[in-house]
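Everything below concerns the one structure shown next.
What you are looking at is a predicted structure, and each value in this text was computed from that prediction instead of being measured.
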Amino acid sequence: MTPAALDAADPLAFARERFRIPDGVIYLDGNSLGALPAAAPDRLAQAIEHEWGERLIASWNEAGWVDLPRRLGDRIAPLIGATPGSVVVADSTSVNLFKCAAGALQARRPRRVILAEASDFPTDAYVLEGLAALTGAELRLVAREDVRSALTQEVAVLVLTHVHYRSGAINDMAALSAAAQAVGALTVWDLSHSAGALAVRLDADGADYAIGCGYKYLNGGPGAPAFLYVAPRHQATFANPLSGWFGHAAPFAFQQAYAPTAGAARGQAGTPPILSMIALEQGLATFDGIDMTAARLKAMQLSQAFLEGALALGLQPACPTDPQLRGNQVTLHHPHAYAVVQALIADGVVGDFREPDIMRFGFAPLYLRHADVAEALERLSLVLVEERWRDARFQVRLPVT
Ligand SMILES: *Cc1c(COP(=O)(O)O)cnc(C)c1O
């Protein structure tokens with residue numbers, strides 16, 4: 001089928017108008033910062049003008065601000081295969097990793113080993129390093145292929161990303177959770193590149209804890225608050241080390257002692273960033289009526305068409321070539337990857353560069369069309385054939401993206 005025919009038959013085509021995509025831009029970076037939900041500007045303006053401006057502090061109750069962390073958690077839950085009440089929105093992914101890994105570590109005392117994959121997104125290891133220094137735990141970073149053999153009776157907690165940020169390779173959540181459980185270790189799954197991208201099944205796959213990002217595929221806006229998941233079986237015992245008043249059973253009773261609330265909501269620490277929460281709410285609304293299995297299927301078609309086109313241009317894959325083994329992204333090697341990505345961006349195809357020689361392209365199924373993939377390949381072909389990347393302005397490294 002032609003891209004136009006595929007778009008005409010696309011059951012998710014209706015979702016594109018839920019976003020504002022600039023004219024001429026093919027946005028292949030929704031895995032890093034999701035596109036702007038079309039309803040967000042008006043909703044945020046209303047929240048600022050009316051809820052904050054007119055109603056002031058009354059809005060904590062009147063506008064439901066105080067419940068947003070739980071309410072948004074319950075909207076994320078079905079996207080990641082979690083029971084209602086087992087997800088809460090709070091803080092950043094990094095902070096939530098600290099809370100979940102610390103809680104898991106404490107639950108498995110006297111074990112003191114935190115096991116993680118060496119090549120994973122560096123911030124996760126930085127956070128675990130800090131946690132280890134604080135608690136006297138030992139952080140063991142091992143190669144991806146050695147994770148299973150490193151799972152011993154010493155391990156308290158295994159931290160893994162579900163979809164690798166660079167290669168896009170998917171870790172087998174069910175198998176690795178079972179392997180951890182078999183040696184008495186708990187798992188923390190980082191869903192940064194899988195929430196809103198894959199049909200994640202946290203409960204069914206036996207995850208213990210999970211964390212993830214609000215601003216990537218969930219479209220919550222720059223620096224959107226993140227989420228954390230606590231499996232129902234751990235909710236009564238999960239000890240959040242950042243035991244602030246928003247995780248208290250009665251935050252406004254101002255009691256002397258800390259008494260955690262029920263469910264994953266105890267994973268909160270302090271006052272939620274309400275405007276950012278409202279933006280995230282608009283991001284989550286873009287998933288209304290979306291079946292994640294259908295969304296994942298479309299994303300696999302998009303990314304596979306792009307990968308096959310790129311391989312035909314002579315590029316080398318840095319990702320699994322089987323779409324079933326890969327998240328909704330494609331990564332490719334190029335000795336001048338940075339400049340090629342910059343030349344593409346100048347031509348309206350937005351992807352990103354990752355050290356040392358990787359071009360990364362994300363395929364958000366709610367707003368990308370099959371025709372966009374075909375057009376992106378055309379522009380990529382021109383950048384390569386005409387060697388447009390040689391232009392001096394594409395060689396200068398910018399600090400971000
Ligand atoms: C994006 C991402 C993060 C981001 O963490 P922040 O606290 O939002 O900066 C963390 N871990 C992984 C694996 C990511 O992909």
Side-chain angles (χ1 to χ4, degrees), residues 34 37 43 47 60-61 63-101 103-104 162 187-192 194-205 207-221 223-240 242-251 260-288 290 292:
R43 175 67 187 99
W60 278 104
N61 293 311
W65 288 353
V66 75
D67 300 322
L68 271 168
R70 293 168 197 248
R71 227 168 49 232
L72 299 190
D74 281 340
R75 285 183 89 153
I76 293 172
L79 302 177
I80 56 176
T83 315
S86 58
V87 181
V88 73
V89 170
D91 305 310
S92 63
T93 306
S94 302
V95 173
N96 289 340
L97 171 60
F98 180 86
K99 293 186 286 193
C100 289
H162 187 210
T187 49
V188 180
W189 286 96
D190 187 329
L191 305 181
S192 290
S194 42
L198 271 58
V200 181
R201 309 182 332 144
L202 286 176
D203 286 344
D205 286 349
D208 293 301
Y209 296 88
I211 54 174
C213 215
Y215 51 80
K216 292 173 178 164
Y217 289 100
L218 295 181
N219 309 312
F227 65 86
L228 69 86
Y229 159 89
V230 181
R233 62 187 173 281
H234 300 308
Q235 285 168 15
T237 52
F238 170 49
N240 174 0
L242 302 180
S243 45
W245 67 322
F246 268 73
H248 196 285
T261 191
R266 65 172 58 185
Q268 297 175 81
T271 308
I274 294 303
L275 297 176
S276 296
M277 291 262 169
I278 289 170
L280 175 59
E281 188 172 36
Q282 297 308 304
L284 296 174
T286 65
F287 286 88
D288 284 352
I290 302 289
M292 283 313 297

With [X], which residues qualify under side-chain hydrogen bond (donor to acceptor under 3.5 Å, both in side chains), at least two apart?
{"X": "Asn240", "result": "none"}
{"X": "Arg43", "result": "Gln46, Glu51"}
{"X": "Thr286", "result": "Asn219"}
{"X": "Tyr229", "result": "Asp203"}

Nearest heavy atoms of [X] and [Y], plus distance in Å:
{"X": "Gly214", "Y": "Ala224", "value": "C-CB, 3.7 Å"}
{"X": "Pro273", "Y": "Pro225", "value": "CG-CG, 4.3 Å"}
{"X": "Thr93", "Y": "Ala226", "value": "N-CB, 3.2 Å"}

State, with a plain yes or no, whether a side-chain heavy atom of [X] is found less than 4.5 Å away from one of [Y].
{"X": "Leu202", "Y": "Val87", "result": "no"}
{"X": "Leu72", "Y": "Phe227", "result": "no"}
{"X": "Met277", "Y": "Arg71", "result": "no"}
{"X": "Phe287", "Y": "Ile76", "result": "no"}
{"X": "Val88", "Y": "Leu228", "result": "yes"}
{"X": "Arg70", "Y": "Thr261", "result": "yes"}
{"X": "Val89", "Y": "Leu68", "result": "no"}
{"X": "Leu284", "Y": "Leu218", "result": "yes"}

Please check: side-chain N/O of [X] versus main-chain N/O of [Y], any donor-acceptor pairing under 3.5 Å?
{"X": "Lys99", "Y": "Gly267", "value": "yes"}
{"X": "Asp74", "Y": "Gly85", "value": "yes"}
{"X": "Gln268", "Y": "Ala265", "value": "yes"}
{"X": "Thr187", "Y": "Asp208", "value": "yes"}

Q. Atom OG in Ser92, atom CG in Leu97: separation rounded to 0.5 Å?
A.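 Separation between the atoms: 9.5 Å.
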
Q: To the nearest 0.5 angstrom, please state how far the CG atom of Asp190 sits from the SG atom of Cys213.
A: 8.0 Å

(Q) Out of the candidates Gln235, His234, Arg233, only one should pair with Ser86 under the side chain to side chain contact (heavy atoms under 4.5 Å, CB included) rule; please name it. (A)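 Per the side chain to side chain contact (heavy atoms under 4.5 Å, CB included) rule, the option paired with Ser86 is Gln235, out of Gln235, His234, Arg233.
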
Counterpart residues, side-chain contact (heavy atoms from CB on, under 4.5 Å), relative to [X] (two or more places apart):
{"X": "Ala199", "result": "Met292, Thr293"}
{"X": "Asp205", "result": "Met173, Ala174, Arg201"}
{"X": "Ala197", "result": "Tyr217, Asn328"}
{"X": "Ala285", "result": "Arg75, Asp288"}

Q. Parallel, tilted or perpendicular for His162 and Trp189, by the 30°/60° rule?
A. perpendicular

Pairs of donor and acceptor atoms involving the side chains of residues 243-251, under 3.5 Å and at least two apart or interchain, shall be tabulated with distances.
from	atom 1	to	atom 2	distance (Å)
His248	ND1	Ala250	N	2.8
His248	NE2	Ala257	O	2.9
His248	NE2	Ala259	N	3.2

(Q) Filter on salt bridge (Lys or Arg N to Asp or Glu O under 4.0 Å), then keep only pairs touching residues 268-280, sequence neighbours left out; what's left? (A)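 Counting only pairs at least two positions apart or across chains, no salt bridge (Lys or Arg N to Asp or Glu O under 4.0 Å) contact touches residues 268-280.
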
Q) What residues, two or more places apart in sequence or in another chain, satisfy ring-ring contact (aromatic ring centres under 6.0 Å, His included) together with Tyr215? A)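 Listed in chain order: nothing, the list is empty.
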
Q | Qualifying ring pair (Phe, Tyr, Trp, His ring centres under 6.0 Å) pairs, either residue in residues 66-100, two or more places apart | A |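 Residue pairs with at least one partner in residues 66-100: there are none.
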
